[in-house]
Amino acid sequence: MEKRAVKAWIMYDWANSAYATTVLAAVLPVFYASVAAATLDADTAASYLAYTHSIGMLCVALLTPLLGTLSDLSGRKGDFLRVFALIGIMATLGFSIVGEGDWLLASVLLIISTIGFAGGNTFYDAMLPDLVPIERREMISSKGYAYGYIGGGLLLALNLFMIQQPSWFGLDSTLAGTRLAFVSVAIWWLLFSIPIFRFAPRRPAARDLPQSWGGYARVGVRRLRQTFKQMLRFPQLIRMLVAFWFFNDGINTIILMATIYGTSIGIGTTDLMLALLITQFVGFPCTLLLGAWAQRWGAKPILLVSLSVYICIVILGYFMTEALHFYILAGLVGVVQGVSQSTARSLFSNLMPSGRTGEYFGFVNITGKFSSIFGPFVFGLVGQLTGSSRWGILSLIFFFVAGIAFLLTVKVQQGISDAKLADQEDQKQWGGHAPKVGSDINVSG
């Protein structure tokens, strides 16, 4: 492994987790409900926010497969990551100018920042096989999520002080502290992204690659069609993908809607924020520990256990009535959230041909984002139809049960063998030019 590039890769999770914790999970849902959507009732605001998340995920779904293919052909996943990260950073900065009743502006900025955040993560995830051999992926993937918990948690703690004690920062109101929190996330994301901007891995570009963007697009579309056909040769990858559609939708919906759900049932802002801090700092050691267990016993068993815990979380969430309950649930989420996502990422990278990770992760993202439309939508729709967000949170059980059912059918070792065979065929097709994992990798910068 190129240690400098691996450290830079881990550091990017530290960088963009500030957006995931402060913006997506903690501050924006409360800000959206109390400021941007102040002219709407609480349940309508929660539904509008859920619909906005769905639209943002749809946009990412439409963009990333072609871009993932182009990143594979050009060998420049880092360049695509840089563009999307900067889009997300600028949109995050824009939240600082949203005023009372500006729910439409807040929704537009959330869609754009979602494109930057989730689109960038497509290329970030696709770098893992370029950097790390298969026997180390569970641990390195877990380290990324674990350091993300610490980075996101540290800035969230600072943001809470900005919001709860604005006078300490020379500010005159909680709202001013909230606006400064958005600015701090943009700066944090940019600052700690510099290492991956400099040291992102590069593969050799495909032979006879067109030099124009139009040529890139034509070749990318053609290869993307081939990818759809080739996917049929990997039944274990397809089963994993279907499982991922369900359980990832449930996880993302909990992340996106937990705070506004707590607000809708009367839990105070301070308690909500402190509970999210608990998630971050419980998540760090638990993700490292369970990641080590996944490396020892396999990613699939650990993933199954974590999804079972999520079912318990959803059921307990339905009955939640006071702040203490939210604290307990936040701790449980911290135990399983990082490892469920890191083991899913490592499983995918193991089941994919190593020379096509960009396009395959692009495919995972397009289908995953399309499926992720349904979780927030179901949450919002059920909440509107029943007049209670409790039924919205309970509806998420379906996504976890279905995910577990499909994951049980995945034969991991068979999938790894299929991916290695495809790598050998790619080597022959490219005349030995297609690099294998860990070989012919240059570090930019």
Side-chain angles (χ1 to χ4, degrees), residues 1-20 67-68 70-86 88-89 116-117 119-155 186-205 283-285 287-288 291-292 294-295 338 341-343 345-346 348-350 352 354-358 360-361 423 433-445:
M1 296 189 298
E2 170 57 52
K3 292 183 178 180
R4 182 174 60 176
V6 171
K7 289 179 179 178
W9 186 85
I10 292 173
M11 185 57 66
Y12 184 72
D13 217 320
W14 172 291
N16 76 351
S17 289
Y19 174 84
L67 292 173
L70 297 181
S71 74
D72 277 337
L73 293 172
S74 65
R76 293 176 176 265
K77 297 184 181 82
D79 293 342
F80 287 89
L81 170 60
R82 185 183 302 116
V83 170
F84 275 81
L86 291 174
I89 289 166
F117 175 73
N121 280 344
T122 300
F123 308 107
Y124 171 72
D125 291 341
M127 288 180 193
L128 181 63
D130 294 350
L131 291 168
V132 183
I134 192 169
E135 65 274 9
R136 296 289 306 279
R137 286 181 198 160
E138 282 82 7
M139 195 65 245
I140 297 299
S141 182
S142 296
K143 279 188 176 180
Y145 275 103
Y147 279 81
Y149 274 124
I150 290 296
L154 288 174
L155 186 62
I187 294 172
W188 181 283
W189 190 352
L190 177 62
L191 180 64
F192 291 106
S193 295
I194 292 174
I196 196 68
F197 291 170
R198 292 188 60 196
F199 303 124
R202 288 183 178 177
R203 288 184 178 273
F284 175 72
T287 302
L288 287 178
Q295 186 166 304
Q341 294 173 314
S342 66
T343 50
R345 179 168 61 190
S346 64
F348 269 125
S349 67
N350 293 346
M352 294 175 182
S354 62
R356 294 173 176 261
T357 54
Y360 272 63
F361 269 111
D423 284 334
H433 188 69
K436 298 179 180 179
V437 173
S439 66
D440 299 326
I441 299 296
N442 296 320
V443 178
S444 62

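Residue indices begin at 1 and follow the sequence shown.
Atom CD of E2 is separated from atom NZ of K7 by 10.0 Å, given to the nearest 0.5 angstrom. Distance check: S349 OG to I140 CD1 gives 11.5 Å after rounding to the nearest 0.5 Å. A distance of 6.5 Å separates CG in L190 from CG in L86, rounded to the nearest 0.5 Å.
Scanning both residues, G120 and L81, for their nearest heavy atoms gives O-CD1, 3.2 Å. In this structure, G144 and I10 approach most closely via the heavy-atom pair CA-CG2, 4.2 Å. Minimum heavy-atom separation, G151 to W188: O-CZ2, 3.4 Å. Taking each heavy atom of F117 and A20 in turn, the nearest pair found is CZ-CB, 4.0 Å. Among all heavy-atom pairs drawn from M127 and A200, the shortest one is CE-CB, 4.0 Å.
No more than 12 heavy-atom neighbours from other residues, nucleotides or ligands sit within 6.0 angstrom of OH on Y147.
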(request) Show the numbers, then the answer: is there a side chain to side chain contact (heavy atoms under 4.5 Å, CB included) between W9 and L131? (result) CA-CA 9 Å; W9 186 85; L131 291 168; 3.7 Å; yes

(message) Go through it in stages, so that I can follow the logic: the residues are K143 and D13, the test is side chain to side chain contact (heavy atoms under 4.5 Å, CB included), and I'd like the CA-CA distance, side-chain angles, deciding distance and then a yes or no.
(response) CA-CA 9 Å; K143 279 188 176 180; D13 217 320; over 6 Å; no

(request) Please test M11 against I196 for side chain to side chain contact (heavy atoms under 4.5 Å, CB included), starting from the C-alpha separation and ending with a verdict. (result) CA-CA 8 Å; M11 185 57 66; I196 196 68; over 6 Å; no

(message) Let's go through T287 and Q341 carefully: what are the C-alpha distance in whole Å and the side-chain angles of both, what is the deciding distance for side chain to side chain contact (heavy atoms under 4.5 Å, CB included) to 0.1 Å, and is it a yes or a no?
(response) CA-CA 10 Å; T287 302; Q341 294 173 314; over 6 Å; no

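A donor-acceptor pair under 3.5 Å is absent between the side-chain atoms of S17 and the main chain of W14, judged by distance alone. Remark: side-chain polar atoms of Y124 are not paired, donor with acceptor, to backbone N or O of Y12 under 3.5 angstrom.
When each of F84, Y19, F197 is checked for a ring-ring contact (aromatic ring centres under 6.0 Å, His included) with W189, only Y19 meets the rule.
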